[in-house]
Each structure stands twice: as C-alpha cells, then as structure tokens.
Amino acid sequence: MHMPYPENAHKPPPGFRVRDAELTDVESIVNVWYASFNASHRFFDYVIPDDAATRQWLQELFTMGIGAGPGTIRTFVVEDLSQENKLAAFSRWIVPQADGNQDIPMPPIPPHWDPEITDALWGGMARSRARVMGQEPHWMAEFIAVETAYHHVGLAFALFEWGILQAEVGGMEIYGDSTVRGLPVWKRYGAEERGPVIRIPGRPGCFDDYEVVPVVWTPKNKLTRDRQKL
C-alpha cells in the first residue's frame, strides 16, 4: 500500500502545461527519451539503442507505469502550448510504499542488449537504491527528461519541484540515480551524493566508462526529527 500524498500542482514556465500522462502519450514520451538522454551522451546510444525492439521495450515500460496507477507510479508530461501541445519533457516518479517495497514493473530485457552493461546500469541502480534507502518509505525520481531544444527553459526544475513538494509534506526523502549532467538540478535543492558511484565499463569505439551518481534529497522536517532521536 502506498503512503498517502497531497495532489500539489506543477508550476511550469509560461506557455507550458503539465498533466498526467495517458496511454496515448507513450510514443511521444519515447521520442522525448531519445531527444533527451540519447542526445546527451554516446553511452545511451549503446545501452538504449534507437531500434525497433528497444523502442517497443520503452513503450511497454511506460505503458506499464501508467497502467500501474497513481498509487505506484506517477508519470507527467509537459506540453508546449505554442507548438500545438507538443510534448517537450516528462517525469516519472515512484510513489513511496508503506512497507518500503521497491519493485518497479519492467518488461523483459531485449535479448540483443549487452548483458554486462545492462546489469551494470539497471541492476546497479536497483542495488544502489536498496543499499541507500533500505526499507524506508521514500519517493524516487526515476526519470526527468527534457528534449534538447527545451533546455534552459526551466522544465526540469518545474518537474523536480513537484516531487520536492510531495516529499516535504510527507517528511520523506527522495532517491535518484543522477547522470553527471543532471547533478546541478539535484544540488540546486540541497541533495547529497550517496556513493559509491555506479560505474559502467566502457566499450571501445562506443563509449568511455560512464558514471551514475546515487543522490538523496532530505526535507528539513525529517532532518529535525532525526536530530531529536539522537
């Protein structure tokens, strides 16, 4: 059972609207994924290649998340109102469960993916979250993706601040696996790195060693309660 949480509104920049994702958005969400993550580093072209099987996997991943419902996963999309409501960004949040359950519904991994790299990334992130958070109920900022053309507009901050509001009211932490490029968003709000860093071995001619950084944002009211227990 999930922890109850308020329905705070997003505050996007003028000209944009944030709403809950629908199943009809899945294909556009996948397009934003490739225009965000894959455009940022060659690593993503290797681990999440832009091919038919991987696109199908991503579509199934987001379909499962939307279908899981707001007690398990919240997926939001940002529409550019000046471009006929074109999807410009999305976020996906894992809702805190009372028993600390960390299961995330995922489709079977495509057989053509590199098994070592797949385990280092997806398995590494799951193991890191379990190590850092244990059974403590918490929010997880799983994905925040902004199409490259919309960088520096403030969409990532608007999506992240929604989670901050939820976690602050409930006095719970937010866990995330951040790319090096995404760290400034986390650190702007006072999040801390919780190593060790997840290191993915490089593949010659494809990408160099890649790092994912475990991070945790802690609300002030939780810090106060923790100090009172000392």
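Just so it is clear, the model here is predicted, and its values are computed rather than measured.
Between His2 and Tyr5, the two ring planes are perpendicular [angle over 60°; tilted spans 30° to 60°].
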Under 3.5 Å, sequence neighbours excluded: what are the donor-acceptor pairs made by side chains of residues 179-188?
{"from": "Thr179", "atom 1": "OG1", "to": "Gly182", "atom 2": "N", "distance (Å)": "3.0"}
{"from": "Arg181", "atom 1": "NH2", "to": "His151", "atom 2": "ND1", "distance (Å)": "3.4"}
{"from": "Lys187", "atom 1": "NZ", "to": "Glu193", "atom 2": "OE2", "distance (Å)": "2.8"}

Compile the donor-acceptor pairs under 3.5 Å between side chains in residues 44-52 and protein atoms, sequence neighbours left out, one pair per line.
{"from": "Asp45", "atom 1": "OD1", "to": "Asn38", "atom 2": "ND2", "distance (Å)": "3.2"}
{"from": "Tyr46", "atom 1": "OH", "to": "Asp114", "atom 2": "OD2", "distance (Å)": "2.6"}
{"from": "Asp50", "atom 1": "OD1", "to": "Arg55", "atom 2": "NE", "distance (Å)": "2.7"}
{"from": "Asp50", "atom 1": "OD1", "to": "Arg55", "atom 2": "NH2", "distance (Å)": "3.4"}
{"from": "Asp50", "atom 1": "OD2", "to": "Arg55", "atom 2": "NH2", "distance (Å)": "3.4"}
{"from": "Asp51", "atom 1": "OD1", "to": "Ala53", "atom 2": "N", "distance (Å)": "3.3"}
{"from": "Asp51", "atom 1": "OD1", "to": "Thr54", "atom 2": "N", "distance (Å)": "2.7"}
{"from": "Asp51", "atom 1": "OD1", "to": "Thr54", "atom 2": "OG1", "distance (Å)": "2.8"}
{"from": "Asp51", "atom 1": "OD2", "to": "His112", "atom 2": "NE2", "distance (Å)": "2.9"}

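From Lys220, atom NZ reaches atom CD of Glu168 across 8.0 Å, with rounding to the nearest 0.5 Å. Taken to the nearest 0.5 Å, the OG1 atom of Thr72 stands 11.5 Å off from the CE atom of Met1. Distance check, rounded to the nearest 0.5 Å: OG1 of Thr218 to NE2 of His138 gives 11.5 Å. To the nearest 0.5 Å, atoms CG (Leu159) and CH2 (Trp93) are separated by 8.5 Å. With rounding to the nearest 0.5 angstrom, the CD atom of Glu84 is 12.0 Å from the CD atom of Glu79. With rounding to the nearest 0.5 angstrom, the CG atom of Asp177 is 8.5 Å from the CG atom of Leu121.
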- side chain to side chain contact (heavy atoms under 4.5 Å, CB included) evaluation trace for Asp25 with Arg19: CA-CA 11 Å; Asp25 296 316; Arg19 60 171 174 80; 2.8 Å; yes

- Ile73/Met64 under side chain to side chain contact (heavy atoms under 4.5 Å, CB included): CA gap, chis, key distance, verdict: CA-CA 9 Å; Ile73 296 175; Met64 293 171 72; over 6 Å; no

- Query: Given the rule in the side chain to side chain contact (heavy atoms under 4.5 Å, CB included) test, do Ile66 and Glu22 qualify, once you have shown the distances and angles that lead to the verdict?
  - Reply: CA-CA 7 Å; Ile66 295 169; Glu22 302 172 354; 5.9 Å; no

- Task: Please step through side chain to side chain contact (heavy atoms under 4.5 Å, CB included) for the pair Ile104 and Arg129, ending with a clear verdict.
- Result: CA-CA 12 Å; Ile104 300 175; Arg129 182 186 178 201; 3.7 Å; yes

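Exactly one of Glu136, Met133, Arg194 qualifies for a side chain to side chain contact (heavy atoms under 4.5 Å, CB included) with Tyr175. That residue is Met133. Partner of Phe76 under the ring-ring contact (aromatic ring centres under 6.0 Å, His included) criterion, out of Phe62, Phe143, Phe90, Trp162: Trp162 alone. In summary, of the residues considered (Ile29, Asn31, Val78), a side chain to side chain contact (heavy atoms under 4.5 Å, CB included) with Leu87 occurs for Ile29 alone.
Remark: the backbone N or O of Ile144 is not paired with any side-chain donor or acceptor of Ser91 at under 3.5 angstrom. No donor-acceptor distance shorter than 3.5 angstrom exists from the side chain of Ser128 to the backbone of Gly124, with no hydrogens or angles considered. A donor-acceptor pair under 3.5 Å links the side-chain atoms of Gln97 to the main chain of Val95, judged by distance alone. A side-chain donor-acceptor contact under 3.5 Å links Trp57 to the backbone of Pro107.
When every heavy atom of Ala89 is checked against every heavy atom of Val32, the shortest pair comes out as CA-CG1, 4.0 Å. Across Pro201 and Glu116, no two heavy atoms sit closer than the pair CG-OE2, 3.7 Å. The minimum heavy-atom distance linking Gly171 with Pro219 is given by the pair C-CG, 3.8 Å.
For Trp217, the ring-ring contact (aromatic ring centres under 6.0 Å, His included) test picks out no residue, with sequence neighbours left out. Partners of Tyr150 under the side-chain hydrogen bond (donor to acceptor under 3.5 Å, both in side chains) rule, at least two apart in sequence or in another chain, are Asp80. For Glu7, the side-chain hydrogen bond (donor to acceptor under 3.5 Å, both in side chains) partners two or more places apart in sequence, or in a different chain, are Arg74.
Using a 4.5 Å cut-off between side-chain heavy atoms of Ile, Leu, Val, Met, Phe, Trp and Tyr, with links allowed through other members, Val215 and Trp139 fall into the same hydrophobic cluster. Connection of Leu61 to Met140 is established within a shared hydrophobic cluster, with ILVMFWY side chains joined at heavy-atom distances below 4.5 Å, either directly or through further cluster members. Linking ILVMFWY residues whenever their side-chain heavy atoms come closer than 4.5 Å, directly or via other members, places Trp33 and Met106 in the same cluster. By the criterion of side-chain heavy atoms lying less than 4.5 angstrom apart, applied directly or through intervening Ile, Leu, Val, Met, Phe, Trp or Tyr residues, Ile164 is grouped together with Val146 in one hydrophobic cluster. Grouping the Ile, Leu, Val, Met, Phe, Trp and Tyr side chains by contacts below 4.5 angstrom, directly or via other members, places Tyr189 with Ile174.
For Glu27, the CD atom sits in a loose shell: 12 or fewer heavy atoms of surrounding residues, nucleotides or ligands are nearer than 6.0 Å.
Listed by first then second residue, pairs satisfying side-chain hydrogen bond (donor to acceptor under 3.5 Å, both in side chains) with a partner in residues 205-216 read Arg199-Glu211, not counting sequence neighbours.
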